[in-house]
Amino acid sequence: MSADVATMLVATVTVGVSLAGLTLALWRGVRTDIRAMEAGLRADIRAVRAAVDSERVAHEELHAAERQARADEKRELLAAIAADRAAHEAFHAAERQARAEERRELLAAIAAIREDAP
């Protein structure tokens with residue numbers, strides 16, 4: 001081989017090895033960046049999941065409190081209805097009693113009038 005061909009071959013091999021080294025170094029850098037991004041994304045995903053879980057718990061607690069408040073309101077309403085019903089029934093019983101007493105008084109008055117009549 002001639003010296004020129006050998007020099008070109010050495011230069012070509014040197015450039016090829018240099019390019020391979022550069023490519024390897026760049027790939028390692030890219031791979032490191034990709035791993036760092038993956039780790040960051042995993043951390044972000046964990047944070048989002050934790051936030052979602054926290055929101056879910058808060059949401060469930062809110063719904064439980066709302067259900068409890070509705071149940072309390074329903075119990076209060078039913079108690080008020082029962083009290084109104086009892087008062088209404090007591091009113092009617094008193095009204096019946098008053099009418100019965102009026103009737104007895106009227107019958108007694110009529111009987112007294114009949115006894116006094118000729």
Side-chain angles (χ1 to χ4, degrees):
M1 273 208 277
S2 72
D4 290 336
V5 173
T7 303
M8 284 176 50
L9 184 60
V10 168
T12 303
V13 168
T14 304
V15 169
V17 169
S18 296
L19 285 175
L22 260 172
T23 302
L24 183 63
L26 286 173
W27 175 246
R28 283 184 180 167
V30 167
R31 190 172 60 188
T32 303
D33 291 344
I34 288 172
R35 285 183 180 158
M37 282 179 27
E38 286 176 344
L41 288 173
R42 284 189 196 106
D44 290 346
I45 289 170
R46 281 191 298 274
V48 167
R49 284 183 178 160
V52 166
D53 289 342
S54 173
E55 287 294 322
R56 183 179 299 124
V57 168
H59 185 73
E60 289 170 357
E61 289 173 354
L62 177 65
H63 277 293
E66 287 176 352
R67 282 190 299 272
Q68 184 64 40
R70 279 194 301 268
D72 292 344
E73 288 174 359
K74 184 177 178 181
R75 279 191 292 279
E76 290 173 5
L77 182 62
L78 290 174
I81 289 171
D84 286 349
R85 180 179 294 133
H88 185 78
E89 290 171 359
F91 172 76
H92 281 294
E95 199 174 52
R96 283 190 300 273
Q97 181 68 29
R99 270 190 251 134
E101 288 175 8
E102 284 178 2
R103 184 171 185 260
R104 276 193 298 276
E105 289 174 4
L106 286 174
L107 288 175
I110 291 172
I113 291 172
R114 285 187 184 162
E115 287 178 8
D116 289 340

What's the separation between atom [atom1] in [X] and atom [atom2] in [Y], rounded to the nearest 0.5 Å?
X    : Y    : atom1 : atom2 : answer
E115 : I110 : CD    : CD1   : 12.5 Å
R35  : E38  : CZ    : CD    : 8.0 Å
R70  : L77  : CZ    : CG    : 14.5 Å
E89  : R96  : CD    : CZ    : 8.5 Å
Q68  : E73  : CD    : CD    : 11.0 Å
T14  : L9   : OG1   : CG    : 9.0 Å

Q: Step by step, work out the side-chain contact (heavy atoms from CB on, under 4.5 Å) result for R103 and R99.
A: CA-CA 6 Å; R103 184 171 185 260; R99 270 190 251 134; over 6 Å; no
**Q.** side-chain contact (heavy atoms from CB on, under 4.5 Å) evaluation trace for I81 with R85
**A.** CA-CA 6 Å; I81 289 171; R85 180 179 294 133; 4.0 Å; yes
Q.
Under 4.0 Å between a side-chain nitrogen and a carboxylate oxygen: does that hold for R56 and E60?
A. no
Q: Could you tell me whether the side chain of H88 reaches within less than 4.5 Å of the side chain of D84, counting heavy atoms only?
A: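 No, their side chains stay 4.5 Å or more apart.
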Q: Given side-chain contact (heavy atoms from CB on, under 4.5 Å), test R49 with V52 step by step and report yes or no.
A: CA-CA 5 Å; R49 284 183 178 160; V52 166; 5.6 Å; no
Q | Exercise: identify the closest heavy-atom pair between A3 and T7 | A |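 Looking at all heavy atoms of both residues, the closest pair is O-OG1, 2.6 Å.
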Q) Does S54 use its side chain to pair, donor to acceptor, with the backbone of A50 at less than 3.5 Å? A)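 No, the answer is negative, given that no donor and acceptor are paired below the 3.5 Å cut-off.
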